[in-house]
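Because the structure is predicted, anything quoted here is derived from the model rather than measured.
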Amino acid sequence: MELGTDTELVTELVPGMATGLVTGMDLLADVLAVSGVRGTLGARIEAGEAWGVRWAENADAVFYAVGAGTAWLGLPGEPPRQLMPGDVVLLPTGTAHSLSGEPAASVSSCDLTDAETARNEGGVLRFGSGPVRTHVLAASYEHDPAVSTQVLTLLPGVVHIRADKGGNCLDDTVRLLSRELAHPRIGTAVVLNSLIDILLVQLLRVWLATAPDPSRPSWLGALRDALMAQALTKLHQQPARAWTTELLAAELAVSRATLSRRFLAVVGQSPGAYLTQWRMDLAARRLRDTDDSLESIAHSVGYTSVYAFSRAFSRDRSQPPGRYRAGIRDHVRDHVRDRDLDGARPPR
């Protein structure tokens, strides 16, 4: 039986259709692109003595890089965590937290108006008294909620890369950010946001190389397993192919039983379940972002009929593709309207 469906599939890629973004083994780049992860530089924090600020929960992931001095990160239910010069930290789910100059410092809520102004203008948030001792760069990362295959939501609650573990790559990128901020020129906003995206990839590289095995399986585990990386790459490169477990195993030169066992242990799903999820992610994006016909989208993700595609999509998203397209577009229009009214960024 073919993977990802209980109906007929096209047997080859349909020319011109979306097929994912993998080149070689770059699964991470593919999922980051399809899941719409996008970074934005936040405010620069400059702090003196006796300072502490509390941040409410954020829908986006939150990132900090300590350029000079030290800071203490406070998280609910955890002891304060010291951040040293050169450290970077990511809060993948944007959990509520505090930053302070001392572990027991008094903290107060940040003025949201000042923070929004500083972020939009590339400005500075100043805390504490006396001369500046601590410099911190802040950023945020949003992702596309229409996509089920994510990166940020699979990470632990806090990813802390210490300066001595991050190597030169993270430090060099933070220095580039600091220089661009100190001497803005034409196109600075584009440069800054591109560097923020680079920082995330560099952080993930270090984390994947140094973190213990994950407590729960996910596609991220494939990035540290050569066989699973090859398997997922083939599915991403040709999502419309009429894959079966036997065919995929043959291309990987392993037995069907070995592939099924390893896939479940590392990824946490069967090959067919993962392929269906990926196909539905690709389809959901095209339904929202294009006016392509349902027939075109169905063929691009491996279905020979709109009926078969609609049944699979309805099972995955709890509504047929036509209704999903109308609803998600209404949702996007509402957020664009809200952004125009209050100046806030719309969610992806």
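The hydrophobic cluster containing Leu220 also contains Val201, counting ILVMFWY residues as joined when their side-chain heavy atoms lie under 4.5 angstrom apart, directly or transitively.
A side-chain donor-acceptor contact under 3.5 Å links Thr233 to the backbone of Ala229. Between the Trp51 side chain and the Arg126 main chain, no donor and acceptor come within less than 3.5 Å of each other. Thr188 places a side-chain N or O within 3.5 Å of a backbone atom of Arg185 that can act as its donor or acceptor partner. Within the 3.5 Å criterion, the main-chain N or O of Leu208 finds a donor-acceptor partner in the side chain of Arg224. Counting only distance, with no hydrogens or angles, the side chain of Thr134 and the backbone of Thr70 share a donor-acceptor pair below 3.5 Å. Between the side chain of Thr210 and the backbone N or O of Val206, at least one donor-acceptor pair lies under 3.5 Å. The closest donor-acceptor contact from the side chain of Arg279 to the backbone of Pro239 lies under 3.5 Å. At distances below 3.5 Å, at least one donor-acceptor pair connects side-chain atoms of Arg285 with backbone N or O atoms of Val34. Under a 3.5 Å cut-off, the side chain of Ser100 and the backbone N or O of Pro103 do not form any donor-acceptor pair. Put simply, the side chain of Asp87 gets close to the backbone of Met84: a donor and an acceptor are under 3.5 Å apart.
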Kindly determine whether Ser108 and Val53 satisfy side-chain contact (heavy atoms from CB on, under 4.5 Å), including the steps that lead there. CA-CA 5 Å; Ser108 57; Val53 60; 5.7 Å; no
Test His97 against Tyr64 for side chain to side chain donor-acceptor pair (under 3.5 Å), laying out the working first. CA-CA 12 Å; His97 62 282; Tyr64 295 112; 2.7 Å; yes
Report the C-alpha distance between Val89 and Leu83 in whole Å, list the side-chain angles of each, state the deciding distance to 0.1 Å, and finish with yes or no for side-chain contact (heavy atoms from CB on, under 4.5 Å). CA-CA 8 Å; Val89 64; Leu83 307 180; 4.1 Å; yes
Output, in order, the C-alpha distance, side-chain angles, deciding distance and verdict of salt bridge (Lys or Arg N to Asp or Glu O under 4.0 Å) for Asp291 and Arg325. CA-CA 9 Å; Asp291 292 323; Arg325 170 176 267 170; 5.6 Å; no
Evaluate salt bridge (Lys or Arg N to Asp or Glu O under 4.0 Å) for Arg38 paired with Asp197, printing each intermediate quantity in order. CA-CA 7 Å; Arg38 184 176 63 185; Asp197 289 338; over 6 Å; no
Derivation of the side-chain contact (heavy atoms from CB on, under 4.5 Å) call for Thr40 and Asp60: CA-CA 10 Å; Thr40 303; Asp60 298 337; over 6 Å; no
Please lay out, stage by stage, how Ser148 and Gln277 fare under the test side chain to side chain donor-acceptor pair (under 3.5 Å). CA-CA 7 Å; Ser148 301; Gln277 176 181 299; 5.6 Å; no
Is there a side-chain contact (heavy atoms from CB on, under 4.5 Å) between Phe63 and Leu91? Walk through the geometry before answering. CA-CA 6 Å; Phe63 173 90; Leu91 305 178; over 6 Å; no
So Gln202 and Thr173, side chain to side chain donor-acceptor pair (under 3.5 Å) or not? Walk me through it. CA-CA 9 Å; Gln202 292 174 334; Thr173 307; 2.8 Å; yes
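Between Glu251 and Arg241 there is a salt bridge, since at least one side-chain N of the basic residue sits less than 4.0 Å from a carboxylate O of the acidic one. By the 4.0 Å N-to-carboxylate-O rule, Arg286 lies too far from Asp281 to be salt-bridged with it.
In this structure, the side chains of Leu32 and His143 stay at 4.5 Å or more apart for every pair of heavy atoms. The shortest side-chain heavy-atom distance between Val136 and Arg44 does not fall under the 4.5 Å cut-off. At a threshold of 4.5 Å between non-hydrogen side-chain atoms, the residues Leu275 and Pro271 do not count as touching. Taking 4.5 Å as the limit, some side-chain heavy atom of Tyr141 sits within range of a side-chain heavy atom of Ile196. With a 4.5 Å cut-off on side-chain heavy atoms, Met228 and Phe263 count as touching. Within the 4.5 Å cutoff, the side chain of Leu282 has no heavy atoms near those of the Val147 side chain. Side-chain atoms of Glu142 and Val37, non-hydrogen and from C-beta on, never get closer than 4.5 Å to each other. Residues Thr93 and Leu152 fail the side-chain proximity criterion, which asks for heavy atoms closer than 4.5 Å.
Ring geometry for Trp278 versus His236: interplanar angle under 30°, hence parallel rather than tilted (30 to 60°). Ring pair Phe313/Phe309 is tilted by interplanar angle, where 30° to 60° counts as tilted.
Interatomic distance, CG of Leu203 versus CD1 of Ile198, reported as 13.5 Å (0.5 Å rounding). In this structure, OG in Ser98 is found 7.5 Å from CG in Leu75, a value given to the nearest 0.5 Å. In this structure, CG in Leu27 is found 6.5 Å from CH2 in Trp219, a value given to the nearest 0.5 Å. Between the CG atom in Asp144 and the OG1 atom in Thr149 there is a gap of 11.0 Å [rounded to 0.5 Å]. Remark: Gln150 CD to Leu155 CG distance equals 10.5 Å, nearest 0.5 Å. Atom-to-atom distance recorded for Ile328:CD1 and Leu287:CG is 10.0 Å, nearest 0.5 angstrom.
The heavy-atom pair separating Ala240 from His299 by the smallest distance is CB-O, 3.8 Å. The nearest pair of heavy atoms linking Leu248 to Ala231 is CD1-O, 4.1 Å. Closest approach of Ala249 and Leu259 over heavy atoms only: N-CD2, 3.6 Å.
For the residue pair Gln319/Ser314, the side-chain donor-acceptor check at 3.5 Å is not satisfied.
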